[in-house]
Number of protein chains: 2
Amino acid sequence: MSATIKDVAKLAEVSISTVSRVINDSKPVSPEVRRRVLNAIEELGYKPNEVARSLVTKKSNLIGLIVNDIGDSYVAQIVRGVEEVGRMYNYDIVLCSSYGSKDTEIKFAQVLRRKQVEGIIVVSEILNKEIIEQIKEYKIPYVYLNKYYDSIESPTVSIDNYEASCMMTEYLISLGHKNILYVTNEKDMDLTIEKDKIKAYRDTMELNKVESHIYAVSGHGIDDGYNIGEKVKELYNTKGITAVFCCQDEIAIGLINYFYDQNMRVPNDISISGYGDIKLASIYRPELTTIKEPYYDIGAVAIRRIIKELKGEGVEEQSINLPIQIMKRESCERIY
Amino acid sequence: MSATIKDVAKLAEVSISTVSRVINDSKPVSPEVRRRVLNAIEELGYKPNEVARSLVTKKSNLIGLIVNDIGDSYVAQIVRGVEEVGRMYNYDIVLCSSYGSKDTEIKFAQVLRRKQVEGIIVVSEILNKEIIEQIKEYKIPYVYLNKYYDSIESPTVSIDNYEASCMMTEYLISLGHKNILYVTNEKDMDLTIEKDKIKAYRDTMELNKVESHIYAVSGHGIDDGYNIGEKVKELYNTKGITAVFCCQDEIAIGLINYFYDQNMRVPNDISISGYGDIKLASIYRPELTTIKEPYYDIGAVAIRRIIKELKGEGVEEQSINLPIQIMKRESCERIY
DNA sequence: GTGAAAGCGCTAACAG
DNA sequence: CTGTTAGCGCTTTCAC
C-alpha cells in the first residue's frame with residue numbers, strides 16, 4: 001500500500017539504516033546521500049509508520065485520558081490543557097469517556113495499557129480505588145483528578161479548597177452579609193472535599209462571630225440547584241439569609257434560575273456565589289461570583305508532571321496546589 | 001518489563017502460535033492446552049501488546065478526530081457521539097485540537113496518518129480545501145463536519161439548513177410576528193451555509209408577504225451578539241422589529257445579554273431565536289427557542305459511516321441529512 | 001491440533 | 001559515514 005522505508009532505500013540506492021538516519025537525524029549522513037534520500041522520500045510521499053517505530057522504541061507517544069464526560073465544560077477545559085502541553089512534547093491523546101461508571105473506568109485503563117500509552121490521566125467524579133491500584137500496577141506515570149472526592153493517595157493537582165472557601169466566606173462577610181447559607185453536597189460528605197470546605201466556612205463564620213447555616217443538596221447539577229430553590233427561599237424568609245455560598249457553580253446557577261422564575265432578583269434580593277468558575281459562570285446573567293478552579297492549568301500541570309516523570313526528571317511532591325483566585329462578579333452584592 | 005506472548009508460551013509449554021490462537025480464538029485449540037495457556041496468562045498478568053498486533057494486522061483500531069476546539073460545547077457533543085459509537089466497534093479516539101489554524105489542521109492529518117489511524121473525522125469551522133485533498137490522498141475513510149461552511153465535496157452529515165430556516169421563519173410568523181430581523185454572518189457569505197439560510201428566510205418572508213430585514217454580524221461568538229445589541233435596539237425602535245432570528249445560538253444569547261443589561265425583557269419586549277441548540281440554550285434564562293442541530297447524532301452517524309466503509313459495507317450518499325427539530329422555548333412569544 | 005518460520009516497518013548495535 | 005543484522009511482539013501461512 002503506502003511506501004515503506006524499504007521502498008525509499010531502494011529508490012535512493014542506500015540501505016534502510018541510512019534512510020532511518022536521515023529521518024531521525026540520529027547519525028551523520030553525507031550531504032549527497034541525504035539529498036538522495038530526501039528526494040526519494042518526497043517522490044514516494046513516504047511517511048514513517050509510527051506503529052512500527054513504537055514497537056521497537058517502546059515509545060507510543062500516547063497519553064491516555066479517561067474522563068467522566070467530555071460534555072462537561074470543566075472537563076473540556078482540562079482536556080484542552082492536557083492536549084495543548086502534550087502536543088508541545090509530541091504526545092497524542094487517546095480519549096475515553098466513562099460516564100461515571102466504575103467498571104468502564106477500569107476497562108479503559110486496561111485498554112489504554114494494551115495500547116501502550118506512556119501515561120494516564122484520570123478525570124473522575126466518583127470514588128474508585130480499584131482504578132488507582134490497577135494503574136499503579138502498570139508502573140506508568142499517572143495523575144488522578146477529582147473535583148469532588150479526595151484523591152486517594154495519588155498524584156494530583158488542584159487548589160487548596162480549605163483556603164479557597166475561607167476566602168469566599170470572608171469576602172461575603174466583607175460585603176456586609178451576616179446570614180450566609182452554605183449549600184453543600186450530602187453525598188459521602190466525609191470522603192469528599194466538602195468536609196474541608198464546610199470546615200473552612202464554619203471556621204471563618206465563627207472567627208467573625210456569626211452563625212453558620214448549612215444545607216445539603218443531593219446532586220451537583222443545575223437541576224439540583226433549582227430544586228432546592230424553594231427551601232432556600234424559605235430560609236430567606238424565615239432566617240433572613242442574604243447570601244448563599246454554593247459548593248458548585250451548577251448549584252448556584254440552578255438556584256438563580258429558580259429565583260428568576262420566582263421573580264426574585266439576584267443580587268438585589270439575594271447574593272449567590274458558586275465554586276469552580278465553569279465556563280457558564282461568566283456568560284450567565286447575572287455573572288456569577290465564584291472561586292476559580294483553573295481547569296485548563298490543572299490539565300496542563302497534570303500532563304507536565306507525567307512528561308517530567310517520563311523524562312526521568314525529578315517530580316515534586318504528590319499533589320500540586322495551584323493559586324486561588326476569587327472571581328468577583330455580579331451575583332454578589334454589598335448589603336447595608 | 002511486561003510479560004510477552006513468549007513468556008506465556010514458555011510457561012504453558014506450548015508454542016507462541018498456540019498462545020496467539022487462544023487469545024484470538026482464531027483456530028481450534030484442544031481444551032487441555034487452552035486451559036494451560038489461560039492459566040499462564042492469568043499467572044503472568046499477560047496483556048497483548050496492541051502496537052505489535054497493529055503492525056502485523058495493519059489495524060490500529062484508532063480513529064483520528066481533528067476538532068476546532070473541544071471547549072466549544074457543540075464540539076464536545078459531536079465528540080461524545082463519535083466516541084460512544086466508536087467504542088461499540090472497538091475503536092479508540094485520538095483527539096487533536098486545531099484552534100482554527102489551517103496549518104495545524106493539516107499537520108494533524110499527517111500526524112494521524114503516521115499513527116496509522118483507520119479513519120479521520122474533521123470538525124472544522126474554517127475553509128480548508130487542502131486538508132481534504134490531503135486526507136483524500138491517504139485513501140482512508142473520512143467525514144468532514146463544518147457548522148459554517150459548505151462541505152466541499154466531502155462526505156458529511158448535517159441537517160437541511162434551508163428547510164430548517166424555513167421552519168423557523170414560518171414559526172415566528174405563526175406567532176404573529178411581521179417585522180422579523182434575520183441576523184446573519186457577513187464572513188464569506190456565499191461560501192457558507194448562510195446563503196441557504198438567508199434564502200430560506202427571504203423565501204418564507206416573501207411567501208407570507210412580509211418584508212425582509214437582514215443584518216450582518218462579523219463573528220459568531222456571544223460577544224459579537226452583544227455588540228450588535230445597540231444596532232438591533234435601534235432597529236427595534238425605528239422599524240418596529242418584534243423578533244430576531246439569529247443565525248447562531250451564541251449571537252442570540254449575546255443579544256439577550258445586551259437586552260438584559262439594558263433592562264429590556266426577552267421575550268416580553270422582543271422575541272429572539274437562535275440556531276444550533278447548543279447546551280447553553282436550554283440552561284439559559286430565558287430558555288432559547290432554536291433549531292436543533294443534533295450534534296451528538298452528527299458525531300455518531302459520522303463515525304458509523306466510517307466504520308461501515310472500513311468494513312466494506314456499502315456507504316450511502318455523500319452527505320447524510322438528519323431530521324430537523326425546532327425547539328420551542330421561552331425566548332419567543334406570541335405577539336398580538 | 002500444534003509448531004516452526006517468515007515477516008509487519010522500523011531502530012539500533014555492530015562491523016567495516 | 002554506510003551497510004548488515006538482529007530483533008520489537010505479534011499473526012499467519014505452511015507443514016506435520
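Below, chain A is the first sequence line, B the second, and so on; all start at residue 1.
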Enquirer: L38(B): what forms a side chain to side chain contact (heavy atoms under 4.5 Å, CB included) with it, not counting sequence neighbours?
Expert: V22(B), R34(B), I41(B)
Enquirer: Rounded to whole Å, please give me the gap between CG in L55(B) and C1' in dT12(D).
Expert: 13 Å
Enquirer: Between V14(B) and T57(B), which is nearer to the 5' end of DNA chain C once each is assigned its nearest nucleotide?
Expert: V14(B)
Enquirer: Quick one, which residues of residues 34-41 of chain A touch DNA chain D with a heavy atom under 4.0 Å?
Expert: none
Enquirer: Enumerate the residues from residues 18-31 of chain A whose closest heavy atom to DNA chain D is under 4.0 Å, giving them by residue number; use none for an empty result.
Expert: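 T18(A), R21(A), P28(A), V29(A), S30(A) - these, ordered by number, are the residues of the stretch whose heavy atoms sit under 4.0 Å from the strand.
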Enquirer: Counting C-beta onward and ignoring hydrogens, is there a side-chain heavy-atom pair between M88(A) and I307(A) closer than 4.5 Å?
Expert: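 With C-beta onward as the side chain, the pair stays apart.
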Enquirer: Bend across the helix from dG1(C)-dC16(D) to dG16(C)-dC1(D), to 10°, with axes taken over 5 pairs at each end?
Expert: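 The angle, to the nearest 10 degrees, is 40°.
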Enquirer: What are the bounds, 5' to 3', of the part of DNA chain C that sits under 4.0 Å from heavy atoms of chain B?
Expert: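 It runs dG1(C) to dG9(C).
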Enquirer: Spell out, as yes or no, whether a donor-acceptor pair under 3.5 Å connects the side chain of K279(B) to the backbone of G71(A).
Expert: yes
Enquirer: Could you tell me whether a side-chain N or O of K115(A) sits under 3.5 Å from a main-chain N or O of S60(B), the two making a donor and an acceptor?
Expert: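 Here the side-chain-to-backbone pair exists.
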Enquirer: Between E118(A) (side chain only) and N61(A) (backbone N and O only), is there a donor and an acceptor less than 3.5 Å apart?
Expert: yes
Enquirer: I'd like to know if K102(A) pairs up with E105(A) as an ion pair, taking the criterion as any Lys NZ or Arg NE/NH1/NH2 lying under 4.0 Å from an Asp or Glu carboxylate oxygen.
Expert: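 Salt bridge flag = no for E105(A) with K102(A).
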Enquirer: Starting at CD1 of I5(A) and ending at C1' of dT4(D), how long is that distance when rounded to a whole Å?
Expert: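 To the nearest whole Å, that distance equals 14 Å.
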Enquirer: Can you pull the side-chain hydrogen bond (donor to acceptor under 3.5 Å, both in side chains) pairs that have at least one residue in residues 92-101 of chain A, sequence neighbours excluded?
Expert: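 Those involving residues 92-101 of chain A are R87(A)-D92(A), S97(A)-E83(B), Y99(A)-R80(B), Y99(A)-E84(B), S101(A)-T104(A).
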Enquirer: Taking CZ from R53(B) and P from dT11(D), how many angstroms apart are they, rounded to a whole number?
Expert: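 Distance, rounded to whole Å: 4 Å.
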Enquirer: Is the shortest side-chain N to carboxylate O distance from E32(B) to R35(B) below 4.0 Å?
Expert: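 Answer for the salt bridge query: yes.
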Enquirer: Between I16(A) (CD1) and dT4(D) (P), how many Å, whole number?
Expert: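 To the nearest whole Å, that distance equals 10 Å.
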